[in-house]
Amino acid sequence: QVRLVESGGGLVQSGGSLRLSCAASGTKLSIASMGWYRQAPGKQRESVAHITNNGNTNYADSVKGRFTISRDNAKNTVDLQMNSLKPEDTAVYYCRAVLFREYWGQGTQVTVSS
């Protein structure tokens, strides 16, 4: 059973930066895909960024050029560096991992004030 724990959310002004981290425990296997989703109030959960264990990345158009995803395969951790944050980035951010099935973290709140 894989357990995901996120950290790094908080309140930041528009234009600011935050770094989210997610640590996976419960497995020594290399997790095929790790990434971040977000869900704003009243909206569906959406994909933000993903990274595979060989380093391939994918970003939502809305965050390209502002967010950077990275991972440490040895530690099974994934980070999301978020720069030039906008109020529309406000959401609960969830870490997701795929290892034979999906696993989700509990979520961390990111609030960007205007």
Side-chain angles (χ1 to χ4, degrees):
Q1 185 78 2
V2 176
R3 180 170 178 253
L4 302 175
V5 177
E6 302 112 331
S7 60
L11 173 64
V12 65
Q13 289 188 333
S14 182
S17 298
L18 282 174
R19 188 177 183 88
L20 304 182
S21 295
C22 174
S25 60
T27 181
K28 294 183 178 180
L29 298 176
S30 176
I31 297 175
S33 175
M34 299 187 77
W36 294 90
Y37 280 69
R38 66 186 181 188
Q39 188 167 18
K43 295 188 177 181
Q44 289 189 331
R45 191 172 296 189
E46 63 176 359
S47 173
V48 176
H50 295 269
I51 184 168
T52 64
N53 55 5
N54 60 8
N56 292 327
T57 59
N58 181 271
Y59 295 92
D61 287 343
S62 59
V63 307
K64 282 180 181 177
R66 299 188 298 123
F67 291 10
T68 302
I69 191 169
S70 60
R71 66 182 286 176
D72 184 329
N73 288 334
K75 297 180 179 179
N76 273 338
T77 59
V78 61
D79 291 345
L80 185 68
Q81 178 65 42
M82 305 185 294
N83 298 329
S84 302
L85 283 161
K86 305 175 182 179
E88 50 264 44
D89 294 317
T90 295
V92 177
Y93 284 70
Y94 296 90
C95 179
R96 173 183 178 266
V98 178
L99 180 63
F100 308 119
R101 50 155 283 192
E102 284 185 324
Y103 295 91
W104 293 89
Q106 79 286 355
T108 185
Q109 177 70 45
V110 171
T111 303
V112 184
S113 62
S114 56

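Residue numbers run from 1 in the order of the sequence given.
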Pairs satisfying ring pair (Phe, Tyr, Trp, His ring centres under 6.0 Å), at least one member in residues 61-83, at least two apart: none
Pairs where residues 2-30 contributes a residue and the test ring pair (Phe, Tyr, Trp, His ring centres under 6.0 Å) is met, not counting sequence neighbours: none
Kindly write out the residues that satisfy side chain to side chain donor-acceptor pair (under 3.5 Å) with [X], not counting sequence neighbours, or none if the list is empty.
| X | answer |
| --- | --- |
| Thr68 | none |
| Gln44 | none |
| Asn54 | Thr52, Asn56 |
| Thr111 | Gln109 |

Which atom of Gly35 lies closest to which atom of His50, heavy atoms considered: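 So the two residues come closest at CA-ND1, 3.8 Å.
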Closest approach of Val110 to Gly9 (non-hydrogen atoms, all atoms of both residues): CG2-CA, 4.2 Å
For Lys43, side chain to side chain contact (heavy atoms under 4.5 Å, CB included) partners two or more places apart: Ala40
Separation between NZ of Lys64 and OG1 of Thr57, rounded to the nearest 0.5 Å: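 Going from the NZ atom of Lys64 to the OG1 atom of Thr57 covers 9.5 Å.
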CD1-OH distance between Ile69 and Tyr59, expressed to the nearest 0.5 angstrom: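 Separation between the atoms: 6.5 Å.
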Heavy-atom donor-acceptor pair, Gln106 side chain to Val5 backbone, under 3.5 Å: no
Exam field: side chain Thr108 to backbone Tyr93, donor-acceptor pair closer than 3.5 Å: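 Here the side-chain-to-backbone pair does not exist.
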Side chains of residues 21-33: which donor-acceptor partners sit under 3.5 Å, not counting sequence neighbours?
| from | atom 1 | to | atom 2 | distance (Å) |
| --- | --- | --- | --- | --- |
| Ser21 | OG | Asp79 | OD1 | 2.9 |
| Thr27 | OG1 | Leu29 | N | 3.0 |
| Ser30 | OG | Asn53 | ND2 | 3.3 |

Sub-4.5 Å side-chain heavy-atom contact between Arg38 and Asp89: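 Contact flag for Arg38/Asp89 side chains = yes.
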Residue pairs passing the disulfide bond (SG atoms under 2.5 Å apart) test where at least one lies in residues 36-91, sequence neighbours excluded: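 Qualifying pairs, neighbours excluded: none.
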Pairs touching residues 29-59 that satisfy disulfide bond (SG atoms under 2.5 Å apart), sequence neighbours left out: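 For residues 29-59: none.
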Transitive ILVMFWY side-chain link Val48 to Val12, under 4.5 Å: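 Yes: a chain of side-chain contacts under 4.5 Å links Val48 to Val12.
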Co-members of Val92 in a cluster of I, L, V, M, F, W and Y side chains, linked at under 4.5 Å: Tyr37, Tyr94, Trp104
Counting only pairs under 3.5 Å, give me each side-chain donor-acceptor contact of residues 80-88, with atom names and distances, residues two or more places apart or in other chains.
| from | atom 1 | to | atom 2 | distance (Å) |
| --- | --- | --- | --- | --- |
| Gln81 | OE1 | Arg19 | NH1 | 3.0 |
| Gln81 | NE2 | Asn83 | OD1 | 2.9 |
| Asn83 | OD1 | Ser17 | OG | 2.9 |

